[in-house]
Q: 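I have a structure here, written as structure tokens, and I will follow up with some questions on it.
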Amino acid sequence: MSRILIVEDDEDVRALIAHKLRRAGHEVSEAGDGLEGLEAARASEPDLVVLDWMMPKLTGVEVSAEIRADTSLTQPRILLLTAKSQDSDIAQALAAGADAYLIKPFRANDLLERVDALLTPH
């Protein structure tokens, strides 16, 4: 069982993701904005952080960059979820430290496959 932090400001989307991940056997914690998510990542040291891009206080890209810059963290895998689908958006997310990118709307199975791939040791 992996520890996954979901950082998503849309409560319905966050609840759906949390439900799917819990059903897949993961331990899930949640945050509703970027700043709360960054604090939760520092406090709980998750294996994976699932980040929305457009959120209040800090964007997902900013949270990703902060996590990567924090050498006290165990460096979780980061999956960025967003409706932003331009190549430049994807490049910006990856440059900020995201390990993977999933475009909204997404199918639950695609999310679970991406999560499994990120959590599988290489």
Side-chain angles (χ1 to χ4, degrees):
M1 176 170 61
S2 297
R3 293 182 326 267
I4 300 176
L5 170 62
I6 302 166
V7 187
E8 166 67 63
D9 62 323
D10 184 312
E11 289 182 38
D12 293 334
V13 173
R14 189 172 66 240
L16 173 68
I17 295 169
H19 174 73
K20 294 295 184 184
L21 292 175
R22 284 186 180 110
R23 285 194 53 165
H26 301 289
E27 179 183 317
V28 176
S29 56
E30 303 174 39
D33 66 56
L35 185 57
E36 182 184 341
L38 182 58
E39 291 168 355
R42 288 179 171 145
S44 67
E45 300 249 353
D47 301 306
L48 172 69
V49 179
V50 178
L51 286 171
D52 181 25
W53 183 312
M54 295 174 281
M55 295 183 292
K57 300 185 182 173
L58 292 174
T59 68
V61 169
E62 291 169 329
V63 173
S64 182
E66 288 287 330
I67 287 171
R68 292 298 182 234
D70 190 337
T71 57
S72 70
L73 288 175
T74 58
Q75 294 304 311
R77 307 291 284 170
I78 296 174
L79 171 59
L80 203 66
L81 299 177
T82 183
K84 295 170 86 66
S85 60
Q86 299 295 317
D87 287 344
S88 60
D89 299 325
I90 296 169
Q92 182 181 358
L94 297 175
D99 296 295
Y101 195 93
L102 190 59
I103 298 169
K104 293 179 182 177
F106 55 86
R107 293 185 7 229
N109 286 344
D110 292 339
L111 171 68
L112 294 174
E113 288 173 7
R114 191 68 52 94
V115 166
D116 286 345
L118 287 168
L119 293 171
T120 301
H122 295 92

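Quick note: numbers below take in every heavy atom, side chains included, and nothing from hydrogens, waters or symmetry partners. If you're wondering where the values come from, they're calculated on a predicted model, not measured in any experiment.
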Q: List the steps and the verdict of side-chain contact (heavy atoms from CB on, under 4.5 Å) for L73 and E45.
A: CA-CA 7 Å; L73 288 175; E45 300 249 353; 3.8 Å; yes

Q: Among residues two or more places apart or on two chains, list those pairs meeting side chain to side chain donor-acceptor pair (under 3.5 Å) that have a residue in residues 17-27.
A: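 Non-adjacent pairs meeting side chain to side chain donor-acceptor pair (under 3.5 Å): R22-E30.
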
Q: Would you say D9's side chain and D33's backbone share a donor-acceptor pair under 3.5 angstrom?
A: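 The answer is no, because no donor-acceptor pair under 3.5 Å joins these two groups.
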
Q: In the single-linkage hydrophobic clustering (I, L, V, M, F, W, Y; side-chain heavy atoms under 4.5 Å), do W53 and L58 co-cluster?
A: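 Yes, W53 and L58 fall within the same hydrophobic cluster.
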
Q: Please test L21 against L112 for side-chain contact (heavy atoms from CB on, under 4.5 Å), starting from the C-alpha separation and ending with a verdict.
A: CA-CA 7 Å; L21 292 175; L112 294 174; 3.8 Å; yes

Q: Would a single hydrophobic cluster contain both I78 and L5, if residues Ile, Leu, Val, Met, Phe, Trp and Tyr are joined by side-chain heavy-atom contacts under 4.5 Å?
A: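 Yes, one cluster joins them.
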
Q: Calculate, to the nearest 0.5 Å, the distance between atoms CZ and CG belonging to F106 and L16 respectively.
A: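 Between F106 CZ and L16 CG, I get 6.5 Å after rounding to 0.5 Å.
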
Q: Under a 4.0 Å threshold between the charged nitrogen and the carboxylate oxygen, would E8 count as salt-bridged to K104?
A: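 Judged by the 4.0 Å cut-off on N to carboxylate O distance, K104 and E8 do form a salt bridge.
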
Q: Determine whether L81 and M54 fall in the same hydrophobic cluster, where Ile, Leu, Val, Met, Phe, Trp and Tyr are linked whenever their side-chain heavy atoms lie under 4.5 Å apart.
A: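 Different hydrophobic clusters.
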
Q: List the atom pairs, with distances to 0.1 Å, where a side-chain N or O of residues 60-69 and a protein N or O form a donor-acceptor pair under 3.5 Å, not counting sequence neighbours.
A:
unit_1, atom_1, unit_2, atom_2, d
E62, OE1, T59, N, 2.7
E62, OE1, T59, OG1, 3.4
S64, OG, A96, O, 3.0
S64, OG, A98, N, 3.3
R68, NE, G97, O, 3.0
R68, NH1, Q75, OE1, 3.0
R68, NH1, P76, O, 2.8
R68, NH2, P76, O, 3.0
R68, NH2, G97, O, 3.1
R68, NH2, D99, OD2, 2.8

Q: What pairs of donor and acceptor atoms, side-chain ones from residues 82-93 against any protein atom, are under 3.5 angstrom apart with sequence neighbours left out?
A:
unit_1, atom_1, unit_2, atom_2, d
T82, OG1, K84, N, 3.0
D89, OD2, Q86, N, 3.2

Q: Among L118, D47, L48, which one satisfies side-chain contact (heavy atoms from CB on, under 4.5 Å) with I4?
A: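 Passing option: L48.
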
Q: Using the rule that Ile, Leu, Val, Met, Phe, Trp and Tyr join whenever any side-chain heavy atoms are under 4.5 Å apart, tell me whether L79 and L94 fall into a single cluster.
A: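 Per the 4.5 Å side-chain linkage, L79 and L94 are not co-clustered.
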
Q: Would you say V7 ends up clustered with L111 if hydrophobic residues are merged whenever their side chains have heavy atoms under 4.5 Å apart, either directly or through other cluster members?
A: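 No; tracing contacts between hydrophobic side chains, which count when under 4.5 Å, never links both residues.
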
Q: Look at the side chain of D10 and the backbone N and O of V13, then say whether any donor-acceptor pair between them is shorter than 3.5 Å.
A: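 Yes.
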
Q: For the residue pair A100 and R114, what are the closest heavy atoms and their distance?
A: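 Heavy atoms of A100 and R114 come nearest at CB-CD, 3.8 Å.
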
